[in-house]
Amino acid sequence: MGFRFQKRIKLGGGLGFNISKSGISPSLRTKMGSFSKNGYSVKTGISGVRYQNSGCLVLFGFIGITAFLIFTIKHL
């Protein structure tokens, strides 16, 4: 079993950075789950159980959500 390091830096509004030994990645957490460059995770409502998937489509969705949030913040 190897050593594992992970730290999350919260930026507010569900946005944050995940820091691990493999690097830094942005993420967005919502009530339904979380989205990051590596994939997405959806809560099932059962304690300790979630659905996790990775894929390129998620990356495009994450970029779209991030762009929308930046546009919204700039126009407040």
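Computed from heavy atoms alone, side chains included, the values below leave out hydrogens, waters and symmetry copies.
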Study note, to complete from the structure: To the nearest 0.5 Å, atom NZ of Lys7 lies from atom CG of Asn18 at 11.0 Å
Check your understanding: Just how far is it from atom CD1 of Ile19 to atom OG of Ser25, taken to the nearest 0.5 Å?
Key -> 9.0 Å
Practice item. Considering only Ile, Leu, Val, Met, Phe, Trp and Tyr, and joining two whenever side-chain heavy atoms are under 4.5 Å apart, list the other residues clustered with Val49. Key: Ile46
Review point. Who passes side chain to side chain donor-acceptor pair (under 3.5 Å) against Thr30, sequence neighbours left out?
Key: none
Point to revise | Shared hydrophobic cluster, Ile73 / Leu28 (ILVMFWY, side-chain heavy atoms < 4.5 Å) | key: no
Check your understanding: Can you hop from Ile9 to Leu69 via hydrophobic side chains spaced under 4.5 Å?
Key -> yes
Practice item. Search all heavy atoms of Arg29 against all heavy atoms of Ser34 and return the closest pair with its distance. Key: CG-CB, 3.9 Å
